[in-house]
Amino acid sequence: MPTSTIPIDAILHTLTEAFPDHPMNEVTKNPYEVLIGCIISLRTKDEVTIPACQRLFPIAPTPEAMVTLPLKTIQKLIYPAGFYKTKAETIKNISQTLLDDYNGQVPNTIDELITLKGVGRKTANLVVGLGFGLPAICVDTHVHRICNRLGYIRTKTPEDTEMRLRKKLPAELWSIINWVLVRHGQELCKPIGARCDACPVEQHCRKVDVKARKAPKTAKPLR
DNA sequence: AAAACGGGGGC
DNA sequence: GCCCCAGTTTT
């Protein structure tokens, strides 16, 4: 009984065993801290982001506490995460906006979240999914690539992918792809040189557009 | 759609 | 030094 449908739920279930939780949710599930953690994580690896969060959150777990911290203090706490000056300003600015416009609460809708300066679609979706536990899809290049590589969908841009996933994928599976597919993409299902040998879901994969690593050049022509 | 922006980390 | 990085903002 061959089926033309990719068993996406089985694939996600298998990958969830490999990547049980989003790193940020191992630090906090508090919406405010998730939001601030997302700012710290911009263009920054998890292993640097997490310690920065663990230094900052105990000192300033709320917008009220955060706005009392001098900018320099925030900068120092998050320093190794990079972009520390901009990030500190963004963190303080967001906290003040939450106090001014949202009674100190983090809004739980994409539309409201993206009005905060420094918060875009990706961060907004992570806050909704990780902070509030609501269905949210955060499509990046990894998710986009893997969904197409599996043959689950065929789309040109991450935006298209997000739209298609909203239609095709059951809402209860939305938020888990935020970390499962990203992690999978970072560690195994890479853009070039995918490690299909170690892939736990290779049996389900159609390997659309899988690129091998280019053979190393054997010799440079001398002259 | 593409560039600008920003700074530490890996190599 | 040079390039990368789960992004956001501006042109």
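To find a chain, count down the sequence lines: A is the first, B the second, and so on, and within it residues start at 1. Quick caveat, the model's predicted, so the values are computed rather than measured.
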Practice prompt. Using distance alone, with no hydrogens and no angle criterion, decide if A:T44 and A:K87 have a side-chain donor and acceptor under 3.5 Å apart.
Written response: yes
Rounded to whole Å, NZ of A:K45 lies from C1' of C:dC3 at a distance of 11 Å
Within residues 112-121 of chain A, the residues having a heavy atom closer than 4.0 Å to DNA chain B are none
When rounded to whole Å, the CZ to C1' distance for the pair A:R43 and B:dG10 reads 15 Å
message: Under 4.0 Å, heavy atoms only, any strand: does A:T123 hit a base, just the sugar-phosphate, or nothing?
response: sugar-phosphate
query = Are A:D160 and A:M163 side-chain neighbours, meaning at least one heavy-atom pair lies under 4.5 Å?
reply = yes
From NZ of A:K76 across to C1' of B:dG8 the rounded distance in Å is 18 Å
Winner on side-chain proximity to A:P80, out of C:dC5, B:dG7, B:dG9, is B:dG9
Re B:dG6: Watson-Crick or G-U wobble partner, both distances kept under 3.5 Å, found to be none
Under 4.0 angstrom, heavy atoms only, what part of the nucleic acid is A:P158 near: base, sugar-phosphate, or nothing?
nothing
Point to revise | Whole-Å P distance, C:dC3 and B:dA3 | key: 15 Å
*Got a salt bridge between A:D140 and A:R145, using NZ or NE/NH1/NH2 to carboxylate O under 4.0 Å?*
no
Return yes if a side-chain donor-acceptor contact under 3.5 Å exists between A:N148 and A:T155, otherwise no.
-> yes
For this session: Start with the C-alpha gap between A:Q186 and A:H142, add the side-chain angles, then the distance that decides, and say whether side chain to side chain contact (heavy atoms under 4.5 Å, CB included) holds.
Result: CA-CA 7 Å; A:Q186 289 174 331; A:H142 293 298; 3.6 Å; yes
### Query
Is the phosphate of B:dG8, meaning OP1 or OP2, less than 4.0 Å from a side-chain N or O of A:Y79?
yes
Of the candidates C:dC5, B:dG7, C:dT8, the side chain of A:K122 sits closest to C:dT8
Here the distance between atom P of B:dG8 and atom CG of A:D46, to the nearest Å, is 19 Å
Worksheet item: Checking all strands, does A:I39 fall into the base, sugar-phosphate, or nothing category for heavy-atom contacts under 4.0 angstrom?
Response: nothing
Residue pair A:L42/A:E47 against DNA chain B: nearer the 5' end by closest nucleotide is A:L42
A:L35 CG to C:dT8 C1', in whole Å, measures 14 Å
Separation of B:dG8 atom C1' from A:F83 atom CZ, nearest Å, is 8 Å
Taken to the nearest whole Å, CD1/A:I94 to C1'/C:dT8 is 11 Å
key: Salt-bridge criterion met for A:R121 and A:E159 (N-O under 4.0 Å)   = no
Atom NZ of A:K87 and atom P of C:dT9 are separated, to the nearest Å, by 14 Å
*With distance as the sole criterion, is a donor-acceptor pair present between the side chains of A:E89 and A:T86 under 3.5 Å?*
no
